[in-house]
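In what follows, a single structure is set out as structure tokens and then discussed.
For clarity, every value in this text was computed on a predicted model and none was experimentally measured.
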Amino acid sequence: MNKANIETLLAHDSERNPNGAVVPPIFQNSLFTFENWDAINEAFDHRMDSFIYTRGRNPTVKLVEEKLAALCGGEKAQLFPSGMAAISAAILHCVNAGDHIVTIKNLYGPANNFISSYLKPKFNVEVTYVTGKEVSDFEHAIRPNTRLIYLESPSSAVFSLQDIEAIAQLAKDRGIKTLIDNTWASPIFQKPLAMGIDLEMHSCSKYIGGHSDVVAGLIVGTKEDVESISLKEFEWIGAKIAPFEAWLLLRSLRTLPIRMKQHQENAQAVARFLENHPKVQLIRYPGANSFDQKELAKKQMTGFTGLMSFQLKTNDLEKIKTFVNSLKYFHLGVSWGGHESLIYAPAISYLKELSREQFTGLGISLGDMRISVGLENKEDLIGDLDRALELV
């Protein structure tokens, strides 16, 4: 799908809007009524295509799901009320008690905990963590009971990449399902399904939402996989998204391509500044000149977003706090992907979510700063960082 087609897909809804409304209406209702017994009986026979109760299907949600499926290049999509709801449902779809998962060490913290602290003790689901930079890491970790390879490329905290196409092929050859968290790159800059991945997941709270006013999650894949998730994990766990939140995502999709372009432009300017600053030890950003997997990044992605991290040349907690507290335009907050620029020290939450051993295994320190470069003037953002770094 070329750029023009993407922008047309995300912007135009007039063919299904009543009275020529340029913005689709919100179906903010909990249930749908029927004319007679036969009509509702028929609806229950075709639940995936019928509107009966909003915990299942809703017209507003369905419209957004169709657009997101097309944008990601999948056959079908399912929205959830959070990224973690989508992750949990996708994993549960792929594994049963006693199965084995291979995933990366730098996996998103709550997803890591769901596997290691919930599935492992309750259902004896085994997990092997690998660095993931080499395809052989996954090949050597596969066992007879491996049912899922779970990727996150770029990964949390250190932004390392996995060779998506090669790992997807390895998994297909062994009959293993693949799931990827593609939130960082967004559907604009990376297409994992086209590279052979089975299920693509997004936290729509980030770039797809883009305005820091929605918490939502997404799974995209084949019709068979997504409908199975919809009829089981989605309906039975009851993690539905509200029609109004789906409508807000629809609003956001209209500006997604141009927002991503600006995030990229601002982030690359900030990355160049940080790469050359004497108070910065290193920078982790797939779009940076110093990134050690630059060729793989160019192969898999068509662009780079606004999330990156860098390491201060100090582990002095007081100096680190002074740096963070001195920033004016980078606000301190845990999420990312919105229009505003944010900063966060991963150590704050990781030390609460993970054991000391798991934290050390991530390869990060107190001095690691994660920043989400927003849509403000890039010179203002660079100036803000420069002033705060002088105090370190």
Between Leu92 and Leu119, is a side chain to side chain contact (heavy atoms under 4.5 Å, CB included) present by the stated rule, with each step listed?
CA-CA 9 Å; Leu92 290 171; Leu119 293 181; 3.9 Å; yes
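- Residues Leu71 and Ile208 are not in side-chain contact: their nearest non-hydrogen atoms beyond the backbone lie 4.5 Å or more apart.
- Sorted by first then second residue, the side-chain hydrogen bond (donor to acceptor under 3.5 Å, both in side chains) pairs that include residues 316-338, not counting sequence neighbours, number zero.
- Here the shortest heavy-atom pairing between Val373 and Ala267 reads CG1-N, 3.8 Å.
- Clustering ILVMFWY residues whenever any of their side-chain heavy atoms sit less than 4.5 angstrom apart, transitively, puts Ile237 in the very cluster that holds Ile87.
- Heavy atoms only, all atoms of each residue included: Ile180 and Gln190 are closest at CD1-NE2, 4.5 Å.
- Sorted by first and then second residue, the ring pair (Phe, Tyr, Trp, His ring centres under 6.0 Å) pairs involving residues 252-289 (not counting sequence neighbours) are Tyr207-His263, Phe273-His277.
- Asp137 places a side-chain N or O within donor-acceptor distance of the main-chain N or O of Gly132, the cut-off being under 3.5 Å.
- Using a 4.5 Å heavy-atom cutoff, the side chains of Ser116 and Tyr129 are in contact.
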Criterion side chain to side chain contact (heavy atoms under 4.5 Å, CB included) on Ile283 and Ser290, from CA distance to verdict:
CA-CA 8 Å; Ile283 177 174; Ser290 57; 3.6 Å; yes
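- Taking CG of Leu31 as the start and CG of Asn58 as the end, the distance is 11.0 Å to the nearest 0.5 Å.
- Contact annotation: the side chain of Lys120 never approaches that of Ile115 to less than 4.5 Å [non-hydrogen atoms, C-beta and beyond].
- With sequence neighbours excluded, the residues that form a ring pair (Phe, Tyr, Trp, His ring centres under 6.0 Å) with Phe114 are Tyr118.
- Residue pairs meeting the side-chain hydrogen bond (donor to acceptor under 3.5 Å, both in side chains) criterion with at least one partner in residues 74-90, sequence neighbours excluded, are Arg57-Gln78, Glu65-Gln78, Gln78-Ser230.
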Does Val102 form a side chain to side chain contact (heavy atoms under 4.5 Å, CB included) with Ile176? I'd like the steps, not just the answer.
CA-CA 10 Å; Val102 180; Ile176 299 168; over 6 Å; no
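- Both Met84 and Leu107 sit in one connected hydrophobic cluster of ILVMFWY residues. Membership requires side-chain heavy atoms under 4.5 Å apart, directly or through other members.
- Put simply, Val215 and Ile219 are part of two different groups of oily side chains (I, L, V, M, F, W, Y) that touch within less than 4.5 Å, one to the next.
- Of all heavy-atom pairs spanning Phe27 and Pro59, the tightest one is CD1-CB, 3.6 Å.
- Residue Leu312 holds its CG atom at 10.0 Å from CG of Leu282, rounded to the nearest 0.5 Å.
- Scanning all heavy atoms of the two residues, the minimum distance from Ala168 to Thr178 falls at CA-CG2, 4.3 Å.
- Side-chain contact check for Leu249 versus Leu218: every heavy-atom pair is 4.5 Å or farther apart.
- Of the options Val64, Leu248, Thr54, Asn29, a side chain to side chain contact (heavy atoms under 4.5 Å, CB included) to Pro243 is made by Thr54 and by none of the others.
- Contacts classified as salt bridge (Lys or Arg N to Asp or Glu O under 4.0 Å) and involving residues 331-350 (residues at least two apart or in different chains) are not found.
- Remark: the backbone N or O of Val334 is paired with a side-chain donor or acceptor of Arg370 at under 3.5 angstrom.
- Summarising the geometry of Arg259 relative to Ser252, their closest heavy-atom pair is NH2-O, 3.0 Å, with the distance given to 0.1 Å.
- One finds the CG atom of Asp99 at 9.5 Å from the CG atom of Leu148 (value rounded to the nearest 0.5 Å).
- With a 4.5 Å cut-off on side-chain heavy atoms, Leu68 and Leu253 count as touching.
- For the atom pair CG of Asn112 and CD1 of Ile104, the computed distance is 9.5 Å after rounding to the nearest 0.5 Å.
- By the 4.5 Å heavy-atom criterion applied to side chains, Ile197 and Asn182 are not counted as neighbours.
- Residue pairs meeting the salt bridge (Lys or Arg N to Asp or Glu O under 4.0 Å) criterion with at least one member in residues 199-214, sequence neighbours excluded: Asp213-Arg251.
- Sorted by first then second residue, the salt bridge (Lys or Arg N to Asp or Glu O under 4.0 Å) pairs that include residues 274-295, not counting sequence neighbours, are Lys133-Asp292, Arg284-Asp368.
- Once rounded to the nearest 0.5 Å, the distance linking CG of Leu381 with CG of Asn266 reads 6.0 Å.
- Here ring pair (Phe, Tyr, Trp, His ring centres under 6.0 Å) pairs that include residues 286-309, with residues two or more places apart or in two chains, number zero.
- Atom CD of Glu134 has 12 or fewer neighbouring heavy atoms from other residues, nucleotides or ligands inside a 6.0 Å radius.
- Contacts classified as salt bridge (Lys or Arg N to Asp or Glu O under 4.0 Å) and involving residues 39-51 (residues at least two apart or in different chains) are given here: Arg47-Glu235.
- Among pairs with a residue in residues 366-392, none fulfils ring pair (Phe, Tyr, Trp, His ring centres under 6.0 Å), at least two apart in sequence or across chains.
- Heavy atoms only, all atoms of each residue included: Arg147 and Val95 are closest at CB-CG1, 4.3 Å.
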For Arg174 and Thr146: C-alpha separation, side-chain torsions, deciding distance, then whether side chain to side chain contact (heavy atoms under 4.5 Å, CB included) applies.
CA-CA 9 Å; Arg174 306 292 183 89; Thr146 302; over 6 Å; no
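- Note on residues 38-94: pairs passing ring pair (Phe, Tyr, Trp, His ring centres under 6.0 Å), not counting sequence neighbours, are Phe32-Phe51, Phe80-Phe234.
- Residue pairs satisfying the side-chain hydrogen bond (donor to acceptor under 3.5 Å, both in side chains) criterion with at least one member in residues 160-172, sequence neighbours excluded, are listed as follows: Ser155-Ser160, Gln169-Asp173, Lys172-Asp198.
- Separation of atoms CD1 (Ile149) and CD1 (Ile101) is listed at 11.0 Å; rounding is to 0.5 Å.
- Annotation: side chain of Ile91 is not in contact with side chain of Val125 (no heavy-atom distance under 4.5 Å).
- With a 4.5 Å cut-off on side-chain heavy atoms, Ile320 and Val392 do not count as touching.
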